[in-house]
Undergrad: 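This structure is in structure tokens; I'll ask about it shortly.
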Amino acid sequence: MSKAKVATVWLDGCSGCHMSLLDIDELLIDVLRKADIVYGPLVDAQEFPDNVDVTLVEGAVSSQDDLRLVQKIRQRTKLLVSLGDCAVTSNVPSMRNPLQPKVLLQRAYVEGADVNHRPPTDGVPALLRHAVPVHEVVKVDLHVPGCPPKADAIAFVVTELLESRKPDLAGKVKFG
Ligand code: SF4
């Protein structure tokens, strides 16, 4: 029997949700018996593949690159999971939302800098006006709140989805 394909994606987040994923420790071996991790910070893959069964998305959608990537992921994924408060509500990344991106970059890279008083331009994706939760731009199949979600909750979610069951998260997750 062929293995399922699981991907993880790091948009505008701190990587804490991925750290929590790694904290599932030996349960990761169980997951890897049933599925291959085909994309994300944990593996060396350049292009998001086709026909992915489950994708865990960490982080808010904050830039044009985030938006393009998450739209591509949605087209190529059966089940898309918003993992963590930044993906679910936009959380910390949305703290910049009251400021126009131009003003934000001026504050960070000009007023707040000791050297090189100019915003970076080369290879830096344009910011969206607002950092937004994933479900504002694509359909999300499951929300898993937490900052970060606990490792056992992540293990439960992945295991249930790989068994084609909808995870019942009552009592297993909370915001913050
Ligand atoms: S939800 Fe918390 S742990 Fe996860 S990316 Fe956001 S700030 Fe980091």
Side-chain angles (χ1 to χ4, degrees), residues 6-28 31-32 35 37-45 48 52-74 76-77 79-99 101 104-105 107-109 112 120 124-162 166-176:
V6 172
T8 73
V9 181
W10 179 8
L11 301 181
D12 192 1
C14 74
S15 88
C17 291
H18 273 83
M19 293 298 111
S20 198
L21 170 63
L22 288 176
D23 276 346
I24 73 177
D25 297 330
E26 67 273 11
L27 286 176
L28 198 51
V31 169
L32 292 173
I37 299 178
V38 294
Y39 184 88
L42 308 178
V43 296
D44 184 22
F48 195 89
V52 175
D53 295 287
V54 178
T55 299
L56 307 176
V57 179
E58 171 190 318
V61 181
S62 293
S63 69
Q64 296 287 355
D65 279 9
D66 292 342
L67 182 59
R68 276 191 289 272
L69 179 57
V70 84
Q71 287 171 334
K72 182 190 286 186
I73 288 166
R74 180 66 276 180
R76 299 181 179 185
T77 300
L79 294 168
L80 190 153
V81 178
S82 273
L83 182 70
D85 289 352
C86 292
V88 174
T89 70
S90 68
N91 195 31
V92 176
S94 68
M95 291 170 73
R96 61 94 164 167
N97 286 354
L99 296 177
L104 177 75
L105 294 173
R107 291 250 177 108
Y109 290 102
V124 179
L127 291 175
L128 300 176
R129 171 62 188 90
H130 295 115
V132 296
V134 175
H135 65 263
E136 277 200 22
V137 294
V138 293
K139 175 176 170 278
V140 168
D141 300 295
L142 186 70
H143 291 90
V144 183
C147 185
K150 288 192 175 140
D152 53 1
I154 298 174
F156 176 71
V157 163
V158 174
T159 305
E160 289 291 278
L161 291 178
L162 290 177
K166 180 163 187 197
D168 178 2
L169 291 174
K172 291 190 169 57
V173 291
K174 64 181 177 65
F175 287 98

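These figures come from a predicted structure and were not determined experimentally. We're numbering straight along the sequence, starting at 1. Both ligands and their constituent atoms are indexed starting at 1 by order of listing.
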Undergrad: Let me see the working for Thr8 and His18 under side chain to side chain donor-acceptor pair (under 3.5 Å), right down to the final yes or no.
TA: CA-CA 8 Å; Thr8 73; His18 273 83; 2.8 Å; yes
Undergrad: Of the options Ile154, Val57, Val157, which is the one that meets Leu83 in a side-chain contact (heavy atoms from CB on, under 4.5 Å)?
TA: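 Only match with Leu83 under side-chain contact (heavy atoms from CB on, under 4.5 Å): Ile154.
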Undergrad: Just which atoms of ligand 1 are under 4.0 Å from any heavy atom in Glu58?
TA: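 With Glu58 as reference, the close atoms of ligand 1 come out as 5 (S).
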Undergrad: Listing residue and atom name, which protein N/O/S atoms are closer to atom 2 (Fe) of ligand 1 than 2.8 Å?
TA: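 Near atom 2 (Fe) of ligand 1, the protein supplies Cys147 SG.
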Undergrad: Give a yes or no answer on whether the side chain of Ser90 reaches the backbone of Pro93 with a donor-acceptor pair at less than 3.5 Å.
TA: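 No, Ser90 side chain to Pro93 backbone: no donor-acceptor pair under 3.5 Å.
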Undergrad: Does Ala131 offer a backbone N or O that forms a donor-acceptor pair with the side chain of Asn97 under 3.5 Å?
TA: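 A pair under 3.5 Å: yes.
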Undergrad: Using modelled atom types and a 3.5 Å cut-off, is there a donor and acceptor pairing between side-chain atoms of Asp23 and backbone atoms of Ser20?
TA: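 Absent.
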Undergrad: Any idea which heavy atoms bring Leu79 and Thr77 closest together, and the distance?
TA: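 Taking Leu79 first and Thr77 second, the nearest heavy atoms are O-CG2, 3.1 Å.
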